[in-house]
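To start, the structure itself, in structure tokens.
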Amino acid sequence: TQLLEQSPQFLSIQEGENLTVYCNSSSVFSSLQWYRQEPGEGPVLLVTVVTGGEVKKLKRLTFQFGDARKDSSLHITAAQPGDTGLYLCAGKAERGIYGGSQGNLIFGKGTKLSVKP
Amino acid sequence: ETGVTQTPRHLVMGMTNKKSLKCEQHLGHNAMYWYKQSAKKPLELMFVYSLEERVENNSVPSRFSPECPNSSHLFLHLHTLQPEDSALYLCASSQDTLSSIPYEQYFGPGTRLTVT
């Protein structure tokens with residue numbers, strides 16, 4: 001069974017601080033996505049990484065896919081209150097949940113980030 | 001209206017009630033999904049539809065019954081639910097399902113369901 005473990009589970013920081021959240025697995029994923037979910041809303045895609053060692057930047061957010069494609073990290077520089085939310089990583093399963101041909105997304109439990117002004 | 005919409009946003013129902021959740025996508029996508037989001041658990045995939053055909057059923061109890069009458073609409077019919085079914089039910093859509101790289105999934109805001 002492919003699982004994604006996210007850490008930390010909760011993170012509360014002051015505006016302007018830097019932070020890193022992690023997404024780890026013992027399984028290899030062909031690609032990995034990061035989503036952010038704000039209260040009362042559904043998750044919104046931030047980035048997709050597909051190549052081992054890949055680094056992608058989105059303004060103050062830096063995403064890295066591990067060389068072995070088993071882990072990923074999200075680093076936020078100079079966090080702002082608007083970064084508050086639940087950060088979810090999701091990996092594309094090797095095959096459908098019940099062995100079907102579709103490769104569906106497996107989600108981690110998420111990191112709940114609170115950035116205080 | 002754009003994106004993925006879900007109604008109702010909040011629902012309280014008794015264990016003997018029958019209700020339905022509705023999802024509509026205005027993105028021209030071919031695939032639609034139902035997820036369950038509970039506290040302290042990862043997002044759980046429930047059902048996947050591709051071009052109106054169910055392609056995944058993630059061992060969901062029969063008290064949850066999906067319906068996809070066309071590629072823009074998805075329903076989740078609920079009957080004789082249990083209190084542990086209380087959760088946020090999210091609908092999503094994507095361009096398609098088959099790809100070596102996952103298509104972006106666009107989520108609706110969810111229906112917060114409470115079973116009393």
Side-chain angles (χ1 to χ4, degrees), chain A residues 1-7 9-10 23-25 28-51 54 56 58 65 69 72 85-112, chain B residues 3-10 21 23-25 27 29-51 53-60 87-112:
Chain A
T1 304
Q2 293 179 287
L3 293 173
L4 283 167
E5 301 286 342
Q6 289 191 246
S7 61
Q9 207 173 339
F10 301 96
C23 175
N24 295 295
S25 176
V28 174
F29 286 89
S30 58
S31 60
L32 204 136
Q33 296 181 319
W34 284 91
Y35 287 80
R36 180 170 67 209
Q37 184 177 17
E38 297 183 22
E41 300 296 331
V44 175
L45 181 68
L46 296 173
V47 77
T48 301
V49 285
V50 299
T51 306
E54 182 177 3
K56 280 192 173 178
L58 185 67
F65 199 14
R69 290 185 288 125
S72 182
L86 179 67
Y87 288 81
L88 298 162
C89 67
K92 186 174 186 292
E94 291 178 347
R95 58 184 183 206
I97 300 295
Y98 285 89
S101 59
Q102 324 289 348
N104 296 309
L105 289 179
I106 296 171
F107 283 83
K109 290 184 184 180
T111 292
K112 197 165 187 178
Chain B
V4 180
T5 58
Q6 290 188 244
T7 54
R9 293 294 306 271
H10 300 272
L21 309 184
C23 175
E24 187 172 358
Q25 58 99 357
L27 300 167
H29 288 166
N30 293 326
M32 295 188 78
Y33 310 77
W34 278 118
Y35 286 91
K36 176 183 179 182
Q37 188 173 36
S38 310
K40 301 180 184 179
K41 281 188 174 183
L43 261 173
E44 299 173 70
L45 179 65
M46 300 175 73
F47 302 104
V48 181
Y49 277 82
S50 177
L51 296 170
E53 287 192 23
R54 192 189 312 179
V55 295
E56 282 281 342
N57 180 347
N58 193 12
S59 191
V60 179
L88 181 68
Y89 287 85
L90 289 161
C91 172
S93 71
S94 66
Q95 184 62 49
D96 212 327
T97 57
L98 286 173
S99 173
S100 58
I101 299 173
Y103 290 103
E104 177 177 359
Q105 292 195 12
Y106 291 79
F107 286 83
T111 295
R112 174 67 63 185

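Chain naming here is simple, since letters A, B, ... match the order of the sequence lines and numbering starts at 1 in each. Only heavy atoms go into these numbers, but all of them, side chains included; no hydrogens, no water, no symmetry mates.
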Point to revise | Heavy-atom closest pair, residues A:Gly42 and B:Leu90 | key: CA-CD2, 3.9 Å
Practice item. List the atom of B:Arg9, the atom of A:Gly40, and the distance in Å for their closest heavy-atom pair. Key: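 Taking B:Arg9 first and A:Gly40 second, the nearest heavy atoms are NH2-O, 2.8 Å.
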Interchain contact, [X] with chain B, by part (heavy-atom threshold 4.5 Å):
{"X": "A:Leu86", "result": "side chain"}
{"X": "A:Gln6", "result": "neither"}
{"X": "A:Gln33", "result": "side chain"}

Point to revise | Interatomic spacing from CZ in B:Phe107 to CG in A:Leu45 - rounded to 0.5 Å | key: 9.5 Å
Point to revise | Neighbour count >12 (heavy atoms, 6.0 Å) for atom NZ, A:Lys112 | key: no
Review point. Heavy-atom distance under 4.5 Å between the side chains of A:Leu105 and B:Tyr35, does that happen here?
Key: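 Result yes, sub-4.5 Å side-chain heavy-atom pair found.
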Review point. Do A:Phe107 and B:Gln37 have side chains that get closer than 4.5 Å, going by heavy atoms?
Key: no
